[in-house]
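Lettering follows sequence order; numbering is per chain, from 1.
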Amino acid sequence: MTEPLLELRGVDKSFGPVQVLHGVNLKVYPGQVTALVGDNGAGKSTLVKTVAGIYHADAGEFFFEGKPVTFNGPKDAASLGIEVVYQDLALCDNLDIVQNMFLGREAKTPTRLLDELTMEDRARQTLASLSVRTVKSVRQSVASLSGGQRQTVAIAKAVLWNSRVVLLDEPTAALGVAQTRQVLDLVRRLADQGLGVVLISHNMNDVFEVSDRITALFLGRVAADLKTSDTNNSQIVELITSGRSGSIGISAATANESA
Amino acid sequence: MTDETKTPAPTSASPSLAASDFSGDSANLTLGESLRAYVDRVRGGDMGALPAIGGLVVLFIVFSSLRPDTFTGALNVANLLVQASSISILAMGLIPVLLLGDIDLSAGVAGGLSAGFTAVAIVRHGDGWVLAVLIGMAVGAVIGLAIGLLVAKLGIPSFVVTLAFFLGLQGATLKLIGQGGTVPVRNDVLRGITIKSMPVVTGWIVVIALLAIYAGLLFWRQRRLAAKDLHRPPTSLVALKFGALAVILLGMTAFLSKNRAPNPLIFTIEGIPYAVFLVGALMIFWTFIFGRTGYGRHIYAIGGNTEAARRAGISVDVLRISTFVICSTMAAISGIVSSSYTGNVSPGSGGGNTLLYAVGAAVIGGTSLFGGKGNIRDGVIGGLVIATIDNGLGLLNQAAYINFIITGAVLLLAASVDAISRRRRSATGT
């Protein structure tokens, strides 16, 4: 097994008296899709925001390519190439695809003006490298795109910046069947390009279809970290709902204590 | 595996890759395709400046048939352009504020107060006009800064803050000028903005030079886009648009270069009024800022989705404050132009319907009151429409009440068009 691209060890996070994450270990491997599953309140979003540098972990160690790193803010995570695609996408409807992809990080000419040529060129190449063929023109306004196309733009925006790790928060939650198909294909292609992909999803079909590993969270603890090929749907559902399944998962005592 | 396509060096841009892998993207539209795309956009509710240009044509036909001898005369047209200048400048200043979905109700009276400071600096302190104008603009900038801080940092709705300033600033102007008094504009340069015209030969040179530079820029840009096979309008369409602009500008220059004095044997009034060049210069400047700089792009982004802009690392508060500073500073310039036209500053300067004219101009021009949509040129086109209504109704010798009712109705109509087109846009997603 190759070395994990990003590894978290023993991460704790509390909000006031409420401890949300208890000694969480997470490994993200290059070229693999790691699915992060768990019920509402299991700590998935907190974990993602901690990785993105938005929250500061109370305890625990972070390793990037085996080297210890510290995150003091979103900029630190971004500079390592960690990008998050949030559920609400954060796109501006009145701007076109190129303008959205470069928002806040516009390419500039030597005279400090917007370099539209470079931006359009790079946006095109990024979309082409992801084999995106569904958008008519990169100069289309985002308002005219379907849900799946918007998700595609948001993901393309995340990979534009030489990112190494992409975290996707429920990318298919609001999509129809065909659009879910497009986005899952895209998620797979990201991993095939060598990125470490973390997919947060409630949809077990999506998880089993696209992921290589599954990390199940139960009340802020990692219940199990399994290879997708070694497990099955009902086992994961049990891990999500009760924290253990047969011999794997957290001990009954710990589970009861947290509950 | 490494990923080389994902990290393209800018020099390795290969059009063939983009063209083959991105087959659906027609970078080079034909004239017919782009016309169809335009019709689709208009149907989808994105009408841009179309209602304003249509309205302008209708108004010209109506007024010139009702007052054929006066309305279309060169004297009146020059007067109309000067009337439009202060409205257009104020509207151009308002557009950045409107782009964020805010409003500045105090812009008119901020202009009145600023013009008052400028006039007082000349009359009571004997300052030169440059210093006096800078004082006026500084007063505007400070007002804008105060409004911006209250809106962005305290979170008071801009409507309420600027309504308070609308009342307060009128009091300040009254204190500065004194009850019932007026301050004359005693400076030939400032008066000359609206009452003098550029010499005919200089006017021709400036207009032709501007057109030549613009043509050069368009041609250069088109060639660079074509060289990289990027998305671009058809060259024929660019040429058509430029041709129309050139015909209008050259035609107006020729029209205004005739002697338009009521008694041509005694006086000579000819050339383009300086105010028109001032409006043109401000329009070019702000169009450049909002179209070609990161600052302008970020203003549009905030207007489209504030949260997305914030997550992209844009300092939303600072930019919001900056729009109010731009607005009040432009209002100061507008107030000075307006005082140049009337010849004095009174406590009522910038009050009344000054601001509503400017908001109407921006909205008629195609700027949305909901934020995120609009162009600087909207203020100029809309300003012409408003000035035409004002001017035409004046020539018809209608009672003042009709003027108010019609202007109010036009503003309401423009806002309705904005609201309806917004609904159509969200329904069709264009």
Holding to side chain to side chain contact (heavy atoms under 4.5 Å, CB included), I want the full list of residues that pass it with Asn100(A), two or more places apart in sequence or in another chain.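 Side chain to side chain contact (heavy atoms under 4.5 Å, CB included) list for Asn100(A), sorted by chain: Leu91(A), Cys92(A), Leu95(A), Val142(A).
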Applying a criterion of heavy atom separation less than 4.5 Å, what residues of residues 101-110 of chain A form contacts with chain B?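 Leu103(A), Gly104(A), Glu106(A), Lys108(A) fall under the 4.5 Å cut-off.
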Side chain from CB out, backbone as N, CA, C, O: work out which of these in [X] comes under 4.5 Å of a heavy atom of chain A, or both, or neither.
{"X": "Tyr295(B)", "value": "neither"}
{"X": "Arg310(B)", "value": "neither"}
{"X": "Ile314(B)", "value": "side chain"}

Is the count of non-hydrogen atoms from other residues, nucleotides or ligands lying under 6.0 Å from [X] atom [atom1] greater than 12?
{"X": "Tyr214(B)", "atom1": "OH", "result": "no"}
{"X": "Phe219(B)", "atom1": "CZ", "result": "no"}
{"X": "Arg221(B)", "atom1": "CZ", "result": "no"}
{"X": "Lys27(A)", "atom1": "NZ", "result": "no"}
{"X": "Arg377(B)", "atom1": "CZ", "result": "no"}

Using side-chain contact (heavy atoms from CB on, under 4.5 Å), reason through Leu113(A) and Thr293(B) one step at a time and then give a plain yes or no. CA-CA 5 Å; Leu113(A) 301 177; Thr293(B) 66; 4.0 Å; yes
Most chain A-contacting option - heavy-atom pairs closer than 4.5 Å, from [options]:
{"options": "Ala301(B), Gly303(B), Gly313(B)", "value": "Ala301(B)"}
{"options": "Thr306(B), Ile302(B), Asn305(B)", "value": "Asn305(B)"}
{"options": "Arg297(B), His298(B), Arg292(B)", "value": "Arg297(B)"}

Interatomic distance, Lys228(B) atom NZ to Glu116(A) atom CD [nearest 0.5 angstrom]: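 The distance works out to 12.0 Å.
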Are Tyr300(B) and Gln99(A) close enough that some pair of their side-chain heavy atoms sits under 4.5 Å apart?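 Answer no - side chains too far apart.
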Kindly indicate whether the side chain of Arg139(A), heavy atoms from C-beta on, has any atom under 4.5 Å from the side chain of Leu230(B).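 The answer is no, as the side chains (C-beta and beyond) never meet within the 4.5 Å cut-off.
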